[in-house]
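See below for the structure under consideration.
Here is how names work: the chains are called A, B, and so on, in the same order as the sequence lines, proteins then strands, and each is numbered from 1.
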Amino acid sequence: MYFTDKQLNDLMEQSQNEKIEVLSLSLDGFEGPIDLLLSLARDHKIDLTKLSILKLAEQYLEFLDYAINKDIDVAAEYLVMGAWLAFLKSKLLLPDDTDENIGSAEDFSELLEFQMRRLEGVQKVSKLLFNRHQLGTHFFKRGNPENFNINNKYSYSVSLYDLIKAYGNILTKNDTEVITIAETKLYSVENALTRLKELIQGSDEWKNLLDFIPQNIKNKLERKSALASHFVASLELVKDGYVDLRQDSFQDAILLSSKKYKSL
Amino acid sequence: MDNNKKKVNEIEFSFKEKIIEALIFASSEPISYNDLKNKINDEDLLNQILESLEIQYSSRGVNLLKINNTFAFRTSSEISEFLNIEKVVPKPLSRAATETLSIIAYHQPITRSEIENIRGVSLSRGTLDVLLELGWIQPGQRRSTPGNPLTWKTSNLFLDHFGLKEIKDLPGIDDLKNAGLLDKNKIIFNDETLSNE
Amino acid sequence: MDNNKKKVNEIEFSFKEKIIEALIFASSEPISYNDLKNKINDEDLLNQILESLEIQYSSRGVNLLKINNTFAFRTSSEISEFLNIEKVVPKPLSRAATETLSIIAYHQPITRSEIENIRGVSLSRGTLDVLLELGWIQPGQRRSTPGNPLTWKTSNLFLDHFGLKEIKDLPGIDDLKNAGLLDKNKIIFNDETLSNE
């Protein structure tokens, strides 16, 4: 489902007032976090060129909060963006003079603004494009063509799509063996969650997320999936209030600590 | 006053003429006088328009033909003789031929028996012939394996027809997968992964 | 004598013009310049003929369109509202598909991951598939960056469908360009951010 701007507006208000009927709201209407940000900016008539990242970040986080509270399935990408915005917000609210990485917050704001404007641009031209007259609807080709043999190569028709589709069919038909890929074990988020909880318990210093990933995984895909699962699991733990996460700049390691929460 | 009226009429005539012309052009079969009349609601005007169109197109490469009270544009017979008009209805390439072509494209140079191996069925004689006739494949070098089998590869005409610059610009397996053209790629989610839970 | 020669030329011009006109008119799909050239063997003459036809048809119900380097007659969009021909009602494309098409059109050639970067969301299976099936996109040359990713671009069929002569006629493309929004290289999140092993 997709919300109109007004519906969204109402939702935002409702989330603030916290006296609402449960709505069957989902994030399905949005094509990812940037799209959601754009939508929020539009709802609050925020001019993208004079973007207040702080305001927008607050709204995004509020919205995310609301969605999570309402038990709406929030995809990892929304959480990742949420994490970044939370980081950004803290940077903007508490500028730390001693922190050399403050620049990265500005860079990020700038990039974010660019991405939003670019996606907005795409959405605008997309409308322009599909508002054009279209063949077969507004203008027409010859309805009853006569066929000359311009060069008699074209007595058969086959498109590139037909061709690669045919090849795709052969591959899927024959490659029952491809299913050997099935042997790759992906590291599940549940496993990562259990593992992280065990390892982080009682640790009161900041530790690199990468150090929590099992070192004995040989398979590259599995290693990657372990990384991804641990990251998602760490976000989950933040959400549940078990740990703190921080990353000082884009290139820096993601650190986590359970200092504040001694008992899990 | 009279002059103005005449001008308005001319504009209207020209506008309605365009509509009739476009209708006849876009119609998938000869369009009947009645259908045209329903568009115009003025038989006199329609008759005038049809006459005017017929005259205008009479000396062109395409003529307006009236057949049993239906109307259609047809190539002038003067030209059609010269152009060898053949009523070829383009037909889709057979599945065998399409598959064979795709295998040659992705695996070239490839021998006949290798093609059969991939498709899992033997290649009927006509299949390669059709592709050869279309000019999309050509013989490559012979293999230096016993029997020196002939290999097949795609031609420049093939690249032209499919709008490719080079053969390596064909989407690869990953691209096919990502485009959703390989249906079975739920692979990573199947039995073992699931049974782990 | 001179007069006679001129007359012969005129007759030849008119005859060849009819041939070109008939060839383009008869076909429902655009015909390439090269195919036309093969019929005439005189590029200058062909260019003159095409120009002459374009002008002659510009105020008619049917216009000669140049789409990239191909030619087709299409009903004039001026009278689109009055045609009401059995329209094939196209299945509406998903928002993901329309946005992806626009990104490919305005940013072409573009790789899959660049598309994902612009939309800030991964491309779901089947999105490119739909566009490919419509024949609106086609693979471009592979990038010479690591991994040689495939690029995508729009086809002539795309231009034809939206009544565009060439890519630079896309609506709003200059605004995007001037605003610096056609820059594909600004990336926030990419794979490397996470996989700093």
Drop me the distance from [X]'s [atom1] to [Y]'s [atom2], to the nearest 0.5 angstrom.
X: B:Glu21; Y: C:Thr75; atom1: CD; atom2: OG1; result: 10.5 Å
X: C:Phe73; Y: B:Phe73; atom1: CZ; atom2: CZ; result: 10.5 Å
X: C:Arg60; Y: B:Phe25; atom1: CZ; atom2: CZ; result: 12.5 Å

Leading residue by heavy atom contact count with chain B [cutoff under 4.5 Å; candidates C:Ser14, C:Ser76, C:Ser59]: C:Ser59
Chain B interface, residue from C:Ser28, C:Pro149, C:Gly126 that has the most non-hydrogen pairs under 4.5 Å: C:Gly126
Residue pair B:Phe15, C:Ile79: steps toward the side chain to side chain contact (heavy atoms under 4.5 Å, CB included) verdict: CA-CA 8 Å; B:Phe15 187 72; C:Ile79 48 171; 3.7 Å; yes
Residues in residues 47-56 of chain C that sit under 4.5 Å from chain B, counting heavy atoms only: C:Leu53, C:Gln56
Sorted by number, residues from residues 160-179 of chain C in contact with chain B (heavy atoms, under 4.5 Å): none
Engaged part of [X] at the chain B interface, taking heavy atoms whose separation is under 4.5 Å:
X: C:Arg112; answer: side chain
X: C:Gln138; answer: side chain
X: C:Ser155; answer: neither

Heavy-atom pair with the smallest gap, counting every atom of C:Val62 and B:Ala22: CG2-CA, 4.2 Å
